[in-house]
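Single-structure report; data block below.
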Amino acid sequence: MITKLEISNLIKEPSYYYIYLINDIDQYLNIESKLKEEEIKIWNLLIYYLLWSIEKGNLCIDLKNSKQLEQFTQEILKEENEIQWEKTSKILNKIKKLSNFDKIFYLYPDYPESDNTYEFLYFKKHYEAQNLLKEKIKIIQTIQNQIVIDKNTKNIIESYLKKVNKLDETQKLAIILSILQKFLIISGGPGTGKTTIASHIIGLHIELGMPAFRIGIAAPTGRAASRLYESLKSNLNGIIDLNHLNLIEPKTLHRLLYFKPYKNEFYYGENNYLPYDLILVDESSMIDIHLIKQLFSAISFEETKLVLLGDHNQLPSVQEGNTLADLKPTKKVTLPEIENYLKEFKIKPPENFNPYFIELTKSYRSIQIIKELADKIKENDMGLIDQLNQNKVSYSKDIFNKDNPIFWIEETDKEKIKAIIKDYIEIKIIKSSNDLLKKITKQSKKEWRLDFQETNPLHKLYEIISNHKILTPLKVGPLGTESIHQYLIHSLYKNLNIDPVKEGMPIIITQNDYYNELYNGDIGIILKDNKKNYYACFKGKDQYLLYSFMSLNYYDYSYAITIHKSQGSEYEEVLLILPEIEENQAHSIINLYNRQILYTAITRAKRKIYLISSEETLKKTIENKIERISGIKLWE
């Protein structure tokens, strides 16, 4: 069997975790007595290739994809290796015969021994997850013939839509399709009305008689789920009785599926379906393959409708998979019964209409330039640079008091960028919140108001702090989130050596905390009462929630967060930093600079963006696009 040393000699930057795993797999399969030395080398490189591919977010390796192989060779191997990759299919045929092979791996398509060559090599758990989605989609497509809308139902739908103002034809189409369909994806950028549509999907189903307690709403993060619930209350006010909404609880997907951490398993799954008639999931692009598989396995589509909201142009999940893009239908589907119903509602479907997928393109935000920038990023349009050039400024503190929606500061010096960061936090957060903090710290905890009224000092404080955010692609490095917070703590809070926390500092939960019912991505702020007790304040369903600061286990400061962490949130203003890409940086860091990460960062801002980047870094970021490989096509 190939040794750790031999693998190390083949690999430029060896991962010893991978090396041990490869050897464990080889021992489990007992391949040393089955293959020649050269064949073992090819096999071990294939496994390393698969592990590397999974780490990139793919579900498999594409054995016929020369581009993927070239990237693997450039990043991992010293040079073009002597191993002849065209021999892999014959070697896979040999290894496939070993008794334990199919307990770990899966080859797709599963050809018999012949001249055909395999296309994809999976770990079995990834194949099973993708295949489950494919099987569920087959079921969804067979259910459509059960659709029946009688005259009374049609009248209720038409009456409801008349009560709702300012819906365009595409938005109305999405709402009606949610009545007709068991599965629907609604995709669109910020400001295109996804949560508005979600609200009216729920409102209309309640009007049609669906009990509110049979409706589930969820998102990958607690903050995104809460934002969806807040939108429900706002959009449905005056249209339905809001008491219904008290029976709907926003949940993270882990809570919806009832994850039991002590057993590392979910309560709801293949043999125990979720007890809902309608489930809406927001920010679906963030869901990885394992969680979407769990969600689909926990739904009986004969009984339950699933509506996924998201933006398929955003970053895919941190873990493996490209959920929303994979679930998006790849071709036009014609369902005559649905098209007939749409004619009755006098709605004309768009060209290439697919009844399982609606894309919203019209933005209703007043700051159109942010949408224009996002569109140019999606289209790889370097006109973006020309547009930004019109908003390029030399830095001075005055820009933080100007009304322009876009400022581009072409600065690369790390120390100067840190000084800009400090100015931003001082002007936008600290000075704006000082009086509010003084008022709150003079009161006892019992005197604090926890409502969302504009007159509540705590609410004003939370809104100021949570609506100004620094975004960067990096967690580590001179301009990563960790270094930014170290710099801010030392430059803004010089007494923190004595007092380890400071009131007014924002925090973000970094791991699910089931005891406190706080979840990865939840945003809070630190408060101090008149007895100098510290609390963490988070926005709940109907009021602010207070926790003893000492009870928190997993949190970071969050003046700055990574762009990945910002998904599912929106801010009034964003200071976006793209640190310079250095030649000696690891490929994993360089790959963080991509089109989707820039698009995601730009679209977090509702009103204003301050961009700090060189033109060269900006161009490289736009040109680099994440393309994940999933293998199985779900709709074919």
Criterion side-chain hydrogen bond (donor to acceptor under 3.5 Å, both in side chains) against Lys565, the qualifying member of Asn520, Thr510, Asp556, Thr481:
Asn520

Is the side chain of Thr252 donor-acceptor paired with the backbone N or O of Arg255 at a distance under 3.5 Å, no angle test?
yes

Indicate, with yes or no, if the rings of Tyr535 and Trp448 have centres closer together than 6.0 Å.
yes

So CG of Asp451 and CZ of Arg449: to nearest 0.5 Å the spacing works out to 4.0 Å

Using 30° and 60° as the class boundaries, would you call the ring planes of Tyr424 and Tyr610 parallel, tilted or perpendicular?
perpendicular

Quick one, Tyr229 with Asp542, criterion side-chain contact (heavy atoms from CB on, under 4.5 Å). Give me CA distance, side-chain angles, the key distance, then yes/no.
CA-CA 9 Å; Tyr229 184 78; Asp542 297 307; 3.9 Å; yes

Side-chain heavy atoms of Leu59 within contact of Tyr122, under 4.5 Å:
yes

Is a donor on one side and an acceptor on the other found under 3.5 Å between the side chain of Asn272 and the backbone of Tyr267?
yes

I would like to know whether Thr304 and Tyr273 meet side-chain contact (heavy atoms from CB on, under 4.5 Å); could you show each step before the answer?
CA-CA 9 Å; Thr304 302; Tyr273 293 133; over 6 Å; no

Tyr160 side chain to His200 side chain, donor-acceptor N/O pair below 3.5 angstrom
yes

Below 30° counts as parallel, above 60° as perpendicular, anything between as tilted: where do the rings of His459 and Tyr544 land?
tilted

Go through the steps for Leu634 and Gln130 under the test side-chain contact (heavy atoms from CB on, under 4.5 Å), then give the verdict.
CA-CA 8 Å; Leu634 300 180; Gln130 191 76 344; 3.7 Å; yes

For Leu309 and Ala198, work out which heavy atoms get closest and say how close.
CD1-CB, 3.5 Å

Kindly indicate whether the side chain of Tyr268, heavy atoms from C-beta on, has any atom under 4.5 Å from the side chain of Pro275.
yes

Please answer whether the main-chain N or O of Thr361 pairs with a side-chain N or O of Lys371 as donor and acceptor at a distance below 3.5 Å.
yes

Between Ser187 and His312, is there a donor-acceptor pair closer than 3.5 Å when you use the side chain of the first and the backbone of the second?
yes

Is a side-chain donor or acceptor of Thr603 paired with a backbone partner of Thr600 at a separation under 3.5 angstrom?
yes

Cut-off 3.5 Å, side chains only: do Asp513 and Tyr547 have a donor facing an acceptor?
no

Got a salt bridge between Lys194 and Asp311, using NZ or NE/NH1/NH2 to carboxylate O under 4.0 Å?
no

Please find the pair of heavy atoms, one from Leu461 and one from Leu527, that lie closest to each other, and give the distance.
CD2-CD2, 3.7 Å

Of the options Thr472, Leu479, Leu598, Leu474, which is the one that meets Leu578 in a side-chain contact (heavy atoms from CB on, under 4.5 Å)?
Leu598

Could you tell me if Ser53 and Asn58 have a donor-acceptor pair between their side chains, going purely by distance under 3.5 Å?
yes

Minimum-distance pair of heavy atoms, taken over all atoms of Gln171 and Leu360:
CG-CD2, 4.3 Å

In the structure I gave you, are the side-chain heavy atoms of Lys56 and Arg628 within less than 4.5 Å of one another anywhere?
no

Can you tell me if Lys136 uses its side chain to pair, donor with acceptor, with the backbone of Ile299 under 3.5 Å?
yes

With Glu570 as reference, evaluate Arg604, Arg223, Arg227 under the salt bridge (charged side-chain N to carboxylate O under 4.0 Å, His left out) test and give the passing residue.
Arg227

Side chain Asn467, main chain Glu463, donor-acceptor under 3.5 Å:
yes

Heavy-atom nearest pair, Phe259 first then Glu265, reads CD1-O, 3.5 Å

Under 6.0 Å from the CD atom of Glu270, do we count more than 12 heavy atoms belonging to anything else shown?
no

Heavy-atom side-chain proximity of Leu458 to Cys537 below 4.5 angstrom:
yes

Check whether any side-chain heavy atom of Leu306 lies under 4.5 Å from a side-chain heavy atom of Phe296, and answer yes or no.
yes

Under 3.5 Å: donor-acceptor pair, side chain of Gln567, backbone of Glu283:
no

side-chain contact (heavy atoms from CB on, under 4.5 Å) between Lys445 and Leu546, worked out
CA-CA 9 Å; Lys445 176 191 171 188; Leu546 298 175; 3.9 Å; yes

Over 12 non-hydrogen atoms of neighbours within 6.0 angstrom of NZ in Lys124
yes

Identify the heavy atoms of Leu253 and Ala218 that sit nearest to each other, and give their distance.
CD2-CB, 4.1 Å

Distance col, row Lys293:NZ vs Thr323:OG1, nearest 0.5 angstrom, shows 13.5 Å

Any heavy-atom pair between the side chains of Asp326 and Ile292 that's under 4.5 Å?
no

Could you give the distance from CD (Gln596) to OG1 (Thr621), rounded to the nearest 0.5 Å?
11.5 Å

How about Tyr258: does its OH atom have over 12 heavy atoms from other parts shown lying under 6.0 Å from it?
no

Could you tell me whether the side chain of Asn235 and the main chain of Ser199 form a donor-acceptor pair under 3.5 Å?
no

Parallel, tilted or perpendicular: rings of Phe183 and Phe301 (30°, 60°):
perpendicular

Are there more than 12 heavy atoms of other residues, nucleotides or ligands under 6.0 Å from atom NZ of Lys134?
yes

Donor-acceptor side-chain pairing of Glu302 and Ser300 below 3.5 angstrom:
yes

Let me know which of Ile289, Leu256, Leu257 forms a side-chain contact (heavy atoms from CB on, under 4.5 Å) with Gln294.
Leu257

Ionic contact status for Glu572 with Lys608, cut-off 4.0 Å:
no

Ignoring hydrogens, what is the shortest heavy-atom contact between Pro473 and Leu592? Give both atom names and the distance.
O-CD1, 3.6 Å

Distance flag, aromatic centroids of Tyr106 and Phe120, threshold under 6.0 Å:
no

Output the distance between atom CD1 (Ile143) and atom CD (Gln181), rounded to the nearest 0.5 Å.
10.0 Å

Note, Val164 side chain near Leu204 side chain (heavy atom, < 4.5 Å):
no

Could you tell me whether the side chains of Glu320 and His126 share a donor-acceptor contact shorter than 3.5 Å?
yes

Are any side-chain N or O atoms of Ser558 and backbone N or O atoms of Ile561, one a donor and one an acceptor, separated by less than 3.5 Å?
no

Does the side chain of Leu471 come within less than 4.5 Å of Lys469's, by heavy atoms?
yes

Under 6.0 Å from the six-membered ring centre of Phe549 and within 45° of its axis: does the NZ or CZ of Lys528 meet both?
no

Restricting to side-chain contact (heavy atoms from CB on, under 4.5 Å), what partner residues turn up for Ser284, sequence neighbours left out?
Val281, Ile287, Leu308, Leu324

Is the distance between the ring centroids of Tyr559 and His468 under 6.0 Å?
no

Can you tell me if Lys233 has over 12 outside heavy atoms packed within less than 6.0 Å of its NZ?
yes

